[in-house]
Amino acid sequence: MTMLGVKTLVIILFLQAMFVSMVTEAASANKVKRVKPPKPVKPVQEILTCKSRKSRCFMKRIKCPVECPKVKPKNPKDKACFLDCYSPKCEAVCKSRKPNCNGPGAACYDPRFIGGDGIVFYFHGKSNEHFSLISDTDLQINARFIGLRPEGRTRDYTWIQALGLKFGHHNFTLEATRTQKWDDDVDHLKLSYDGKELFIPEGHSSEWNSPEGDVQVERTATSNSVTVTIPDHAEISVNVIPVSEEDSKIHNYQIPTNDSFAHLEVQFRFFGLSSKVEGILGRTYRPDFENPAKQGVAMPVVGGDDKYKTSSLLAADCALCVFSPNEIKDEHGSPIMKFGMLDCTGGGNGITCKK
């Protein structure tokens with residue numbers, strides 16, 4: 001091979017090497033580096049404890065589920081961690097902070113109740129009158145009904161507009177204020193404790209506690225939703241809503257244009273009711289109560305207007321009322337029912353509850 005041929009071969013090899021190097025560098029520059037995604041941060045699960053000596057869960061440390069790690073979630077739509085201190089399971093569960101109208105202890109709509117026995121029934125009462133929902137020796141809960149009677153009707157359409165609570169020697173009231181046109185952004189709740197009106201700042205988780213610690217009120221939404229807790233007695237979830245135009249058309253309520261009929265959706269949880277508890281709803285928690293509601297009908301109506309009518313929102317003077325704050329409660333009374341363990345599904349008269 002001549003000298004010229006050798007030089008030519010060297011140049012070709014050199015250029016080939018440069019080309020390979022350039023391709024390699026280009027490929028390296030375009031190569032996508034695989035970055036491992038950060039591990040998800042596990043939410044801190046709160047630890048709850050029951051402080052009531054009457055509870056089977058007394059002083060046990062119970063962790064909230066991962067699905068609802070907080071008792072008071074920042075997002076009002078998230079489910080909250082709840083510990084039922086009177087459940088034999090002693091476990092924390094997830095639940096909505098607003099009333100479940102298909103759960104035990106519910107009082108919603110044209111009042112439709114779900115009793116402690118899991119049976120659905122209606123109690124219509126009368127407009128602008130008061131009736132006892134719960135009457136026990138140390139707890140009285142009354143409701144004020146509002147409503148209207150269109151021409152041709154034989155009874156009033158009614159809704160629960162206010163609740164009046166008596167416990168010990170204290171009173172608490174909660175009512176939906178009347179409004180011509182409903183606005184979700186306006187608060188329609190009015191509260192009072194021992195006759196003095198309460199002002200709780202609007203905003204999720206805003207709360208008020210009585211000086212003696214016997215009542216706590218917490219907002220569960222920016223407005224129109226609260227949970228009222230009376231330790232060792234009851235927890236009451238409340239939501240204020242109007243009668244919608246759709247419902248008015250479906251049921252022929254004939255709601256006038258100058259009143260939205262703001263009313264309450266309510267769900268009660270009771271702790272330590274006696275075996276002698278009375279009231280439209282209270283009697284359904286008695287172990288010996290036989291519910292007269294006819295099953296299988298579209299609207300099983302239960303009467304009792306004459307037995308449970310009271311003279312005012314805070315009166316305990318119905319024919320069967322047993323409220324007597326000075327009386328020592330029978331600690332051996334039946335613990336009634338493990339209502340916290342009832343599972344209710346379905347809708348309307350198709351609701352069924354089972355343990």
Side-chain angles (χ1 to χ4, degrees), residues 99-136 139-149 153-165 174-176 234 236-239 241 243 247 251 253 261 263-270 273 277-286 289-313 315-323 336-337 339 342 344 347-351 353:
N100 174 13
C101 288
N102 290 332
C108 304
Y109 316 127
D110 179 8
R112 190 195 75 180
F113 296 84
I114 299 183
D117 52 9
I119 294 177
V120 178
F121 65 94
Y122 288 78
F123 176 87
H124 297 308
K126 293 181 180 179
S127 177
N128 299 317
E129 291 189 357
H130 305 87
F131 299 91
S132 171
L133 302 185
I134 299 289
S135 186
D136 209 352
L139 179 66
Q140 177 84 19
I141 302 178
N142 296 341
R144 178 191 297 133
F145 286 23
I146 57 169
L148 76 167
R149 182 181 300 189
R153 289 281 301 174
T154 57
R155 70 161 184 89
D156 296 338
Y157 286 121
T158 52
W159 297 269
I160 295 176
Q161 180 265 336
L163 295 176
L165 287 68
L174 182 155
E175 58 184 288
I236 309 169
S237 299
V238 181
N239 195 38
I241 61 169
V243 175
D247 280 345
H251 300 287
Y253 290 146
F261 277 81
H263 61 281
L264 307 179
E265 291 180 326
V266 188
Q267 186 178 24
F268 299 93
R269 284 180 177 269
F270 300 110
L273 292 173
V277 62
E278 274 290 355
I280 297 164
L281 181 62
R283 58 184 175 171
T284 67
Y285 288 84
R286 287 165 50 174
F289 179 68
E290 295 183 8
N291 203 313
K294 293 181 180 179
Q295 299 304 295
V297 300
M299 185 175 285
V301 179
V302 171
D305 298 41
D306 56 335
K307 299 176 182 177
Y308 298 114
K309 181 180 177 181
T310 63
S311 59
S312 70
L313 189 61
D317 55 2
C318 73
L320 295 182
C321 285
V322 296
F323 181 70
I336 312 306
M337 172 179 284
F339 58 89
L342 285 177
C344 298
N349 61 305
I351 292 176
C353 298

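Side-chain contact between E278 and Y308 is present, with at least one heavy-atom pair separated by less than 4.5 Å. Side-chain contact between I241 and H263: present, with at least one pair of heavy atoms (C-beta onward) separated by less than 4.5 Å. L148 has its side chain within reach of F261: a pair of non-hydrogen atoms, C-beta onward, lies under 4.5 Å apart. Side-chain atoms of Y122 and P111, non-hydrogen and from C-beta on, never get closer than 4.5 Å to each other.
Going from atom CD1 of I119 over to atom CD of Q295 covers 5.0 Å, rounded to the nearest 0.5 Å. Here L165 contributes atom CG and L313 contributes atom CG; the two are 8.5 Å apart, rounded to the nearest 0.5 Å. Rounded to the nearest 0.5 Å, atoms CG (L163) and CZ (F268) are 5.0 Å apart. If you take CG on L174 and CD1 on I236, they are separated by 8.0 Å, rounding to the nearest 0.5 Å. Separation of atoms CZ (F131) and CG (L281) is listed at 15.0 Å; rounding is to 0.5 Å. Taking CG from D117 and CZ from F289, the interatomic distance works out to 6.5 Å, rounded to the nearest 0.5 Å.
Every ring pair (Phe, Tyr, Trp, His ring centres under 6.0 Å) that Y253 has, sequence neighbours left out, goes to Y157, W159, H251. For Q267, the side-chain hydrogen bond (donor to acceptor under 3.5 Å, both in side chains) test picks out no residue, with sequence neighbours left out. Looking at residues two or more places apart in sequence or on another chain, you find a side-chain hydrogen bond (donor to acceptor under 3.5 Å, both in side chains) between S135 and Q140. Remark: E175 pairs with R144, Q161, A162, K190 by the side chain to side chain contact (heavy atoms under 4.5 Å, CB included) rule, at least two apart or across chains. Every residue meeting the ring pair (Phe, Tyr, Trp, His ring centres under 6.0 Å) condition with F121, not counting sequence neighbours, appears here in chain and number order: F113. With sequence neighbours excluded, the residues that form a side chain to side chain contact (heavy atoms under 4.5 Å, CB included) with A315 are T310, S311, S312, D317. A search for side chain to side chain contact (heavy atoms under 4.5 Å, CB included) contacts involving Y109 returns C101, R112, E265, not counting sequence neighbours. Considering only residues two or more places apart in sequence or on other chains, R149 meets the side-chain hydrogen bond (donor to acceptor under 3.5 Å, both in side chains) condition with D156.
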Are T158 and K126 close enough, and set up right, to give a side-chain contact (heavy atoms from CB on, under 4.5 Å), and what steps lead you there? CA-CA 7 Å; T158 52; K126 293 181 180 179; 5.7 Å; no
Stepwise, does the side-chain contact (heavy atoms from CB on, under 4.5 Å) test hold for F323 with D136? CA-CA 5 Å; F323 181 70; D136 209 352; over 6 Å; no
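A salt bridge (charged side-chain N to carboxylate O under 4.0 Å, His left out) check over residues 290-303, counting only residues at least two apart or in different chains, returns nothing. Here salt bridge (charged side-chain N to carboxylate O under 4.0 Å, His left out) pairs that include residues 296-313, with residues two or more places apart or in two chains, are E129-K309.
Just one of V302, I114, N291 meets the side chain to side chain contact (heavy atoms under 4.5 Å, CB included) condition when paired with T284; it is N291.
Nearest heavy-atom pair, L139 versus A234, reported as atom, atom and distance to 0.1 Å: CD2-CB, 4.4 Å. Listed here is the closest heavy atom pair of S132 and C318: CB-SG, 4.1 Å.
For the pair S237 (side chain) and P99 (backbone), a donor-acceptor distance under 3.5 Å is absent.
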